[in-house]
Amino acid sequence: MIPCAASPPPADSRGSRVALIFALTAERLSIWYEHGQWPTEAQGATLAADWLARTRRSLPLAERRHLSDLSDQLARQIAGTLSREAGLYTTHEMMEALDPNYESELAQSLMAECQRLLDADPGPGQA
């Protein structure tokens, strides 16, 4: 008998929510550095839904919007404090770190920042 692959944690688990903030932040920075514009709230919520759908998970729209807003705050903070070159490097590291086999101290520190943001503002229904 072939063992079944472990199912991913529920989308509303803390780890999944932190990972979603991280992924959305990476996407937002990528769009910013490639096109010079920030995704709208609706685009962020759609990016969240797409990311969740890849693992057959979902979250209510209010929760996706909240996590999207947290990622927007972090992305703008990163872009506002780094030179363009450093921002491009950071974005690259974050995009690479979306692969669970890729290890990066920078990405780990940004993941910790995503955890801090979520802990400070857990969002609707998560108190």
Side-chain angles (χ1 to χ4, degrees):
M1 184 165 117
I2 299 172
C4 295
S7 61
D12 61 353
S13 74
R14 182 174 180 270
S16 293
R17 294 166 70 226
V18 168
L20 181 54
I21 294 168
F22 182 89
L24 290 173
T25 301
E27 290 287 343
R28 285 178 178 283
L29 286 168
S30 179
I31 291 168
W32 170 249
Y33 287 113
E34 287 182 33
H35 305 288
Q37 60 187 21
W38 294 108
T40 65
E41 180 182 303
Q43 289 169 324
T46 299
L47 284 171
D50 292 346
W51 189 83
L52 290 164
R54 287 194 288 269
T55 56
R56 295 187 174 99
R57 295 182 281 180
S58 65
L59 284 172
L61 179 59
E63 181 69 12
R64 292 194 321 262
R65 283 187 171 166
H66 175 69
L67 298 175
S68 176
D69 180 57
L70 293 177
S71 74
D72 184 64
Q73 291 173 36
L74 182 56
R76 289 174 190 263
Q77 178 185 357
I78 291 169
T81 58
L82 298 177
S83 68
R84 178 169 172 75
E85 184 176 322
L88 287 167
Y89 173 78
T90 299
T91 302
H92 173 77
E93 281 293 296
M94 291 180 80
M95 294 300 277
E96 289 291 321
L98 294 175
D99 176 349
N101 296 318
Y102 186 83
E103 293 190 26
S104 163
E105 285 184 37
L106 175 59
Q108 289 173 356
S109 69
L110 290 169
M111 186 69 78
E113 182 60 18
C114 293
Q115 290 174 351
R116 188 196 67 72
L117 280 172
L118 184 62
D119 289 344
D121 187 359
Q126 300 295 320

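As a basis for the values below, the full set of heavy atoms in this structure was taken, side chains included, without hydrogen atoms, waters or symmetry mates. Since the model is a prediction, treat every value here as computed from it, not as a measurement.
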Original post:
Is a donor on one side and an acceptor on the other found under 3.5 Å between the side chain of R64 and the backbone of L59?
Top reply: yes

Subject >> Euclidean distance, S104 OG relative to L110 CG, rounded to 0.5 Å >> reply: 8.0 Å

**OP:** Please report the shortest heavy-atom distance between A23 and W51, naming the atom on each side.
**Re:** CB-NE1, 3.4 Å

Subject >> Neighbour count above 12 (heavy atom, 6.0 Å) for Y89 OH >> reply: no

**OP:** Rounded to the nearest 0.5 Å, what's the gap from CG on L117 to OG1 on T25? Could you check?
**Re:** 7.5 Å

**OP:** Please confirm whether the backbone N or O of Y33 pairs with a side-chain atom of R84, one donor and one acceptor, at under 3.5 Å?
**Re:** yes

Original post:
Would you say the side-chain atoms of R28 pair up with the backbone N or O of P39, donor to acceptor, closer than 3.5 Å?
Top reply: yes

Original post:
Does S71 reach the main-chain N or O of S68 with its side chain, forming a donor-acceptor pair under 3.5 Å?
Top reply: yes

**OP:** Can you see which heavy atom on F22 is nearest to which on A107, and at what distance?
**Re:** CE1-O, 3.5 Å

Subject >> Sidechain N-carboxylate O distance under 4.0 Å for D50, R54 >> reply: no

Original post:
Quick one: CG on L29 to CG on L24, what's the gap to the nearest 0.5 Å?
Top reply: 11.0 Å

**OP:** Indicate the atoms forming the closest heavy-atom contact of Y102 with E96, along with that distance.
**Re:** CB-O, 3.3 Å

**OP:** Enter the distance from E85:CD to T90:OG1 here, rounded to the nearest 0.5 Å.
**Re:** 10.5 Å

Subject >> Separation of L74 CG from M94 CE (nearest 0.5 Å) >> reply: 6.0 Å

Original post:
Less than 4.5 Å apart, any side-chain heavy atom of L88 and any of L82?
Top reply: no

**OP:** Using atom types as modelled and distance alone, determine if a side-chain donor or acceptor of S30 lies under 3.5 Å from a backbone N or O of A26.
**Re:** no

Original post:
Rounded to the nearest 0.5 Å, what separation is found between the CG atom of D72 and the CD1 atom of I21?
Top reply: 12.0 Å

**OP:** Let me know which of R65, H66, Q73 forms a side chain to side chain donor-acceptor pair (under 3.5 Å) with D69.
**Re:** Q73

Subject >> Closest approach of A45 to L61 (non-hydrogen atoms, all atoms of both residues) >> reply: CB-CD1, 4.0 Å

**OP:** Answer yes or no: is there a donor N or O on one side and an acceptor on the other, between the side chain of R17 and the main chain of P122, under 3.5 Å?
**Re:** yes

